[in-house]
Participant: 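My questions all concern the structure below.
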Amino acid sequence: MAYKTVERPVLTTAEKLYLPAVMKGLGLTLKYFLKRKKFTRQYPEEPTVVPEGYRGLPSLVKDDEGRVKCVACSMCEWVCPPEAIRVIPGELPGDDPVEKGPKEFELDTLRCIFCGLCEEACPEEAIFLSETFEYCGRSREEMIFGKEKLLEIGGVRAEGVKKWKKEADAGFSRKGPRR
Amino acid sequence: MTFWTDVFWPAIKILIILNAVLILVALLVWAERRISAFIQDRLGPNRVGPAGLLQSFADLLKFIFKEDVTPGHVNKPYFVLAPALAVMPAMIALAVVPFASTLIIADVDIGILFVFAISSLGVYGITIGGWASNNKYSLLGGIRSSAQMISYEICLGLAVIGVFMLSRTLRLQTVVEMQGDGIWLFGNHYGGFAKILDWNVFKQPLGFLIFMIAGFAETNRLPFDLPEAEQELVAGYHTEYSSMKFALFFLGEYAAMFVMSAVAVTLFLGGWTLFGLEELGWFVQLLIFLGKVLALLFFFIWVRWTLPRFRYDQLMRLGWQVFLPLGLLNIVLTGVLKLIFKV
Ligand code: SF4
Ligand code: SF4
């Protein structure tokens, strides 16, 4: 047999009248209408809590001595899928173990897709995806964030790689596995 | 015929009533959005003005400043005419609604006939709008609307006949007055709180039920909002409309809802009477009337956010095979009871 007979439920008179079901539905919606707890978050007043591991705007960080961690190796620039990053390296003065740093570091926030690859690729733990998601500008140029702005968003991260220390002081070898 | 009684006072009354109703309609849109939000565990518009009360006025400004697009393929004269036709009937029907014992624009003897005659014109706005848009969704919406409104108009008419068999007049003011003078039971007269039992909703429960359901269909509200069924017809008859023309359709729909509630309150819920409070003057009567209308409007909105839409064949079957016979039955029943109780 090519077809199947579907059993239709037999409705009682009350069900056919439809009105009891309507009353029940109205009661339910009234219950929700009177309920005090609502799910709306009053956004600008009530800050949005982002979950742990949230991937917001990429930002540069400084170490606890206030020095820019980035060494302008351009790994992030190379790995970035939409090519949102542009690093212009520059020489650092003095006889520190670190000789190179970013002269300019541009992040085109309109191109960035928040993939987090820059954070993964960075050998110096200098770039992190922050929890910032509120930023704006009136033109495309304004949406390209420079070094200063990115450092401001990133803040300080004391832990992790400390490239200013000599390898012996830092207690790890550059040649071996890092952690 | 004098200037004062025939021109000046009616003009003042028109001004009061029209403005009051327009403002109420604006607040009604806000209420609809707030209530729907609350039912869905949201907050709804609460930013513009206290508790978002001015939201509708902000929307109105937005509507005025939006570009008024007239698509190239429409029938222009009718396209422009339709929104006006959708608003006018509801506004005109307000003329015979008794807001208070003295606050009525035209106290005509044919009261309810006038309301039905005018409000049934509302279907023209929708149908012409749908047809002139030259778009299949709009046309389908317009056709559905005309079929639906014609079917349910009959039920609406049948439902109120019972009321007029009791009141023996079509004049709405008399219908209200008759509901407010207490009830006679076994030879005793009961006033005070028992006066509420004199309302037609208790004498004509079946009539009230049919009237309300037909009223939902007449005003194209859920569960009978087939003319604009979003999932099937984009937006129905006003798909091609934008800017203020769209706003006029919107206004017409809500004004029609207001008129429907006002008529229901007048015919079945005692109009401007409530426990004898109406003796305090016309302003109290107006407040009582508006309070009842708002309660009914809340019911309209509440139902909209509770019930899903009917299928088209279900709608037609309900109209012709259920409510039409029920309406006739109600008339026969009323006649028989009238004979038995000799009222
Ligand atoms: S942020 Fe990291 S990966 Fe990018 S240039 Fe600086 S050190 Fe290299
Ligand atoms: S998060 Fe991805 S897209 Fe954004 S800058 Fe880093 S690598 Fe480029």
Side-chain angles (χ1 to χ4, degrees), chain A residues 2-57 109-110 131-140 142-143, chain B residues 30-48 50-52 55 205-217 221-224 294-311 313-315 317-319 321-323 325-326 329:
Chain A
Y3 60 87
K4 190 177 164 205
T5 317
V6 179
E7 290 278 327
R8 299 282 177 199
V10 185
L11 298 182
T12 61
T13 320
E15 280 169 339
K16 271 191 202 145
L17 257 180
Y18 191 50
L19 279 177
V22 171
M23 293 300 159
K24 206 172 138 202
L26 286 174
L28 191 74
T29 42
L30 188 67
K31 202 179 86 200
Y32 276 88
F33 177 75
L34 297 174
K35 210 169 95 178
R36 295 252 42 100
K37 168 116 184 55
K38 305 291 177 196
F39 286 103
T40 309
R41 185 184 289 135
Q42 300 275 36
Y43 164 59
E45 291 90 20
E46 260 180 69
T48 304
V49 195
V50 297
E52 207 181 318
Y54 181 79
R55 301 206 301 251
L57 191 70
T109 55
L110 293 178
E131 291 183 347
T132 309
F133 60 91
E134 306 154 300
Y135 51 91
C136 56
R138 286 170 188 276
S139 63
R140 280 168 193 275
E142 245 178 87
M143 292 307 282
Chain B
W30 167 81
E32 167 108 56
R33 294 175 62 183
R34 280 291 265 189
I35 292 171
S36 67
F38 272 56
I39 285 176
Q40 297 170 347
D41 277 350
R42 298 181 287 119
L43 284 175
N46 61 351
R47 296 284 161 151
V48 195
Q55 181 68 41
L206 189 58
F208 181 65
L209 187 75
I210 299 172
F211 185 87
M212 281 313 287
I213 293 171
F216 277 102
R221 293 283 295 183
L222 264 165
F224 307 112
L294 288 184
L296 213 52
L297 285 172
F298 174 79
F299 182 68
F300 263 79
I301 295 172
W302 181 17
V303 165
R304 170 169 178 185
W305 296 98
T306 304
L307 300 182
R309 184 181 306 127
F310 276 81
R311 222 167 51 211
D313 59 323
Q314 291 172 332
L315 173 93
R317 200 176 60 217
L318 201 67
Q321 295 187 356
V322 178
F323 288 130
L326 272 183
L329 179 74

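Since the structure is predicted, the reported quantities are computational estimates derived from the model, not experimental observations. First the proteins, then the strands, lettered A, B, ... as listed; each starts at 1.
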Participant: With a 3.5 Å distance limit and no angle check, can you tell me whether Thr109(A) reaches the backbone of Met143(A) through a side-chain donor-acceptor pair?
Facilitator: yes
Participant: For the pair Arg304(B) and Glu32(B), find out whether any cationic side-chain nitrogen is under 4.0 Å from an anionic carboxylate oxygen.
Facilitator: yes
Participant: By a 4.5 Å heavy-atom criterion (distance strictly below it), what part of Val322(B) contacts chain A: side chain, backbone, both, or neither?
Facilitator: neither
Participant: Please confirm whether Tyr32(A) and Phe38(B) have ring centers closer than 6.0 angstrom.
Facilitator: no
Participant: Where does Leu307(B) contact chain A at under 4.5 Å (heavy atoms): side chain, backbone, both or neither?
Facilitator: side chain
Participant: Counting only heavy atoms closer than 4.5 Å, note whether Leu19(A) contacts chain B via side chain, backbone, both or neither.
Facilitator: side chain
Participant: Go through the atoms of Trp302(B) and report whether side chain, backbone, both or neither lie under 4.5 Å from a heavy atom of chain A.
Facilitator: both
Participant: Do any N or O atoms from the side chain of Gln314(B) and from the backbone of Arg311(B) form a donor-acceptor pair under 3.5 angstrom?
Facilitator: yes
Participant: Between the main-chain N or O of Leu43(B) and the side-chain N or O of Arg34(B), is there a donor-acceptor pair closer than 3.5 Å?
Facilitator: yes
Participant: Heavy-atom pairs under 4.5 Å with chain A: which of Thr306(B), Ile35(B), Val303(B), Asn46(B) has the most?
Facilitator: Thr306(B)
